[in-house]
Amino acid sequence: MSKATEDRIEIHPGDITKLDVDAIVNAANAQLRPGGGVCGAIHRAAGRNLREACAKIGGCKTGDAVATDGYELKAKFVIHTVGPVWHGGKQNEDGLLASCYRTSLKIAKQIGARSVAFPAISTGVYAFPLERATQIAVATVRDFLAEDEAIDKVVFCTFGAEAEAAYRKELGR
Ligand code: AR6
């Protein structure tokens, strides 16, 4: 029998670059440049081959995602998704953020990644309100896992006490 959706979701506080999962998701920018935040940390940990792979791809639209190898990371793949910049909520930020999670999981399935870790996309530099973003992240992942058995495990990697508390509340843990 397949595992229940809730048993396939974990919270992991800490640095996503250290995680031993098939794929980690990067909160990227549209140019796929190394940048700062979690993106900068992933690029530093994966090494220059990741920067070159991203430069070759050239870019990614908001709400969309592309995969590369993980290079020096433990993770075999990095799935780069571009979250929306928060403009007050009337520019389809919610829909675009949901699309980031959904598209990243679709790509994970296509490349055969069965365990996937997400940072809290858009909640840093892009200023998406944390609680609202957490609700979207959790709802979208739950929906995907309930419909599809290709992914065994999704890890919400929280960076800081505030994000951890938001995810614990949303997941009821
Ligand atoms: N591991 C896990 N989560 C992290 C880490 C880490 N090592 N470092 C930061 N976070 P942000 P965004 C959390 O700003 O808002 C970049 O410059 C952080 O606490 O990285 O989508 C890109 O290049 C926050 O909760 O991403 C883009 O230009 C979350 O990761 C832009 O920022 C996302 O924060 C993207 O902005």
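Atoms within a ligand are numbered from 1 in the order they appear, just like the ligands themselves. Scope of the values below: all heavy atoms of this structure, side chains included, with no hydrogens, waters or symmetry mates.
In terms of protein heavy-atom proximity, atom 21 (O) of ligand 1 is closest to S122 N, 2.8 Å. Looking at atom 3 (N) of ligand 1, its nearest protein heavy atom turns out to be F159 CB, 3.4 Å. The protein atom (non-hydrogen) at minimum distance from atom 15 (O) of ligand 1 is G124 N, 2.8 Å. Atom 29 (C) of ligand 1 has A120 O, 3.3 Å as its closest protein atom, hydrogens excluded (heavy atom only).
Among residues two or more places apart in sequence or in another chain, the salt bridge (charged side-chain N to carboxylate O under 4.0 Å, His left out) test is passed with D143 by none.
Taking hydrophobic clusters as Ile, Leu, Val, Met, Phe, Trp and Tyr residues chained together by side-chain heavy-atom distances below 4.5 Å, V155 shares a cluster with V38. Clustering ILVMFWY residues whenever any of their side-chain heavy atoms sit less than 4.5 angstrom apart, transitively, puts L130 in a cluster other than the one holding F159.
The closest approach between any non-hydrogen atom of A163 and ligand 1 is not below 4.0 Å. Residue contacts with ligand 1: T17 is excluded, as none of its non-hydrogen atoms falls under 4.0 Å. Using a 4.0 angstrom heavy-atom cutoff, G40 does not count as in contact with ligand 1.
Checked against a 3.5 angstrom limit, the closest N/O atoms of V125 and ligand 1 fall inside it. At least one N/O-N/O distance between G36 and ligand 1 falls below 3.5 Å. Looking at ligand 1, you won't find any N or O of C157 less than 3.5 Å from one of its N or O atoms. For ligand 1, the polar-atom distance check against R33 finds no nitrogen or oxygen pair separated by under 3.5 Å.
Annotation for ligand 1: atoms under 4.0 Å from non-hydrogen atoms of T123 are 15 (O), 24 (C), 25 (O), 29 (C). Annotation for ligand 1: atoms under 4.0 Å from non-hydrogen atoms of D15 are 1 (N), 6 (C), 7 (N). Annotation for ligand 1: atoms under 4.0 Å from non-hydrogen atoms of C39 are 22 (C), 23 (O). Residue A27 approaches ligand 1 through these ligand atoms, each under 4.0 Å from one of its heavy atoms: 21 (O), 22 (C), 26 (O), 35 (C). Each of the following atoms of ligand 1 lies closer than 4.0 Å to a heavy atom of N29: 22 (C), 23 (O), 27 (C), 28 (O). With ligand atoms numbered from 1 in the order given, ligand 1 contributes 1 (N), 2 (C), 3 (N), 4 (C), 5 (C), 6 (C), 8 (N), 9 (C), 10 (N), 20 (O), 30 (O) to contacts under 4.0 Å with heavy atoms of V38. Set against the non-hydrogen atoms of G14, the atoms of ligand 1 under 4.0 Å away are 1 (N), 2 (C).
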Run the side-chain donor-acceptor check on residues 105-127: report pairs under 3.5 Å with partners two or more places apart or on a different chain.
{"residue": "K109", "atom": "NZ", "partner": "D148", "partner atom": "OD2", "Å": "2.8"}
{"residue": "R114", "atom": "NE", "partner": "D152", "partner atom": "OD2", "Å": "2.9"}
{"residue": "R114", "atom": "NH1", "partner": "A150", "partner atom": "O", "Å": "3.4"}
{"residue": "R114", "atom": "NH2", "partner": "D152", "partner atom": "OD1", "Å": "3.1"}
{"residue": "S115", "atom": "OG", "partner": "D22", "partner atom": "N", "Å": "2.9"}
{"residue": "S122", "atom": "OG", "partner": "P84", "partner atom": "O", "Å": "2.9"}
{"residue": "T123", "atom": "OG1", "partner": "A120", "partner atom": "O", "Å": "2.8"}

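For the pair R142 and L171, the minimum side-chain heavy-atom distance is below 4.5 Å.
Inspection of the H80 and T68 side chains reveals an N or O donor paired with an N or O acceptor under 3.5 Å.
Looking at T134, I16, N26, L32 and measuring to atom 2 (C) of ligand 1, the nearest heavy atom belongs to I16.
The existence of a salt bridge linking E164 and R168 is confirmed by a sub-4.0 Å separation between a basic side-chain nitrogen and an acidic carboxylate oxygen.
Within a 6.0 Å radius of CD in Q31, more than 12 heavy atoms belonging to other residues, nucleotides or ligands are found.
At distances below 3.5 Å, not a single donor-acceptor pair connects side-chain atoms of T103 with backbone N or O atoms of A65. Under the 3.5 Å distance criterion, the side-chain polar atoms of E93 are left unmatched by any main-chain donor or acceptor of F128.
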message: Please determine whether salt bridge (Lys or Arg N to Asp or Glu O under 4.0 Å) holds for the pair E131 and K169, giving the CA-CA distance in whole Å, both sets of side-chain angles, and the decisive distance to 0.1 Å.
response: CA-CA 9 Å; E131 278 209 14; K169 181 173 168 219; 3.5 Å; yes
